[in-house]
Amino acid sequence: MATNPSNKEKLVREKLFSAPPKTKPDFWKEALAFGVKKVRSNITAFRKKYPAPASVKNVYPLIGNTEWTTSFWPGMLWLSWEGTGDDLFRKTAEKYIADFRARLDKRIAVETHDLGFLYTLACVAPWRLTGNTAARAAALKAADLLMIRFYEKAGIIQAWGDLNDPEQQGRIIIDCAMNLPLLYWASEETGNPYYREAAERHIAAANRYLIRQNWSTYHTFFFDIKTGKPLKGTTAQGYSDDSCWSRGQAWGIYGNALSYRYTRDPSLLENAKGLARYFLNHLPEDLVAYWDLVFVKGKEERDSSAAAIAARGLLELSAALPLADPERRLFENAALHITASLAKSYTTSSVHRSTGILLHGVYSKPGNNGVDECTTWGDYFYMEALVSIVRGWRPYW
Ligand code: GLY
């Protein structure tokens with residue numbers, strides 16, 4: 001449970017969010033069709049490779065299967081298949097499954113909690129959608145590798161790096177909420193509660209220590225792995241240790257709503273709501289967040305990927321709320337307003353030769369990496385939101 005459940009901030013844009021945005025007929029279908037068109041042309045552009053995490057001048061360099069982000073590409077292919085039924089997307093996505101299996105077998109860049117992002121989209125998705133048993137086996141193997149990062153005493157999953165790296169030891173990050181569905185899924189598939197119990201302990205610790213009294217969040221938090229003692233909150237990609245990194249807040253909204261999907265623990269919905277209100281109350285006029293929520297106007301860069309993740313997270317949250325909950329409609333409409341703003345003003349539709357879908361994302365401003373560029377996860381979550389809006393969608397998570 002978060003630190004201050006009684007702190008219920010009012011939504012400052014309650015009036016705006018009391019109705020969906022006014023859009024032309026076919027607005028959403030056309031927005032999705034643009035994304036699908038881009039995915040189709042990227043099949044040729046990317047060949048058998050993967051887009052780098054962020055673009056350079058709005059074009060993705062191509063890489064091998066070595067980053068935490070490579071599964072967003074097969075993820076977009078699966079979404080495009082669901083959105084169109086065109087088998088080209090399915091056949092292309094299926095070709096990547098063997099490569100994800102090889103990455104595990106050869107232990108290529110697997111010292112990360114992002115095994116959840118990677119194997120949910122590249123392997124759980126095809127298992128859920130087509131019953132692909134090789135994909136299921138790879139995803140279960142990835143869940144086993146992820147469990148090696150769980151510290152029993154502290155009840156947390158270490159985010160980054162080798163477990164013996166003193167700089168990373170005992171560090172959690174808010175993004176990890178999106179890696180937990182792989183563990184819940186593994187318990188459902190195997191009947192072994194061991195994965196689910198670790199996920200439940202991790203989300204409880206993350207919510208207790210990453211969420212502040214006012215529902216803003218730390219990006220990262222350190223624990224003493226020997227005693228389990230909580231140490232301190234810091235940032236890695238945010239403006240400062242005590243600011244609120246926009247994408248982290250968005251991961252928290254969506255991640256809590258997804259953990260609720262598996263656990264039905266009502267405290268997770270309360271957390272998602274508190275995080276959502278804070279996010280929505282710190283947006284600029286056009287509802288696309290700056291890269292850190294400390295900024296609400298001025299020249300700093302936006303992070304369109306935070307907007308896309310939050311929008312899809314708000315859809316997941318609102319669908320989980322009881323019909324009688326007045327925030328159900330408000331959060332759903334907020335998601336539609338944010339996604340409409342992205343569709344109207346943030347796509348690459350008028351940018352010559354871009355291989356991205358959403359402009360104006362930020363990978364890491366402090367690291368000066370992928371600043372004001374397309375991001376593979378921004379494109380992916382924007383597509384998720386659009387598929388959900390146009391036809392309804394059962395998460396791969
Ligand atoms: N999960 C890493 C990031 O959001 O940059």
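Atoms within a ligand are numbered from 1 in the order they appear, just like the ligands themselves.
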Within 45° cone of Y60 ring axis and under 6.0 Å: K49 NZ or CZ: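 Negative - K49 is either too far from the ring of Y60 or too far off its axis.
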Using the ring of Y290 (Phe, Tyr or Trp, six-membered ring only), decide whether R302 places NZ or CZ under 6.0 Å from its centre and within 45 degrees of its axis.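 Judged by the rule, R302 and Y290 form a cation-pi pair.
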Tell me whether ligand 1 is touched by W251 - counting only heavy atoms on the residue side and a distance under 4.0 Å. yes
Between ligand 1 and W245, can you find any atom pair, the residue atom being a heavy atom, that is separated by under 4.0 Å? yes
Under 4.0 Å from a heavy atom of [X]: which atoms of ligand 1 are those, numbered in the order shown and with their elements?
X    : answer
D175 : 1 (N), 2 (C), 3 (C), 4 (O)
Y363 : 5 (O)
W68  : 1 (N), 2 (C), 3 (C), 4 (O), 5 (O)

Polar-atom distance check: Q237 versus ligand 1, any N or O pair below 3.5 Å? yes
Taking 4.0 angstrom as the limit, do E300 and K365 come out as a salt bridge?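 A salt bridge links E300 with K365.
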Side-chain ion pair, R90 and E94, N-O less than 4.0 Å: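 Result for this pair is yes, salt bridge flagged.
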Passes side-chain hydrogen bond (donor to acceptor under 3.5 Å, both in side chains), W78 versus Y396? Steps please. CA-CA 10 Å; W78 287 116; Y396 308 149; over 6 Å; no
Residue among Y346, Y382, W291 satisfying ring pair (Phe, Tyr, Trp, His ring centres under 6.0 Å) with H360: Y346
Closest approach of any protein heavy atom to atom 4 (O) of ligand 1, naming residue and atom: R247 NE, 2.8 Å
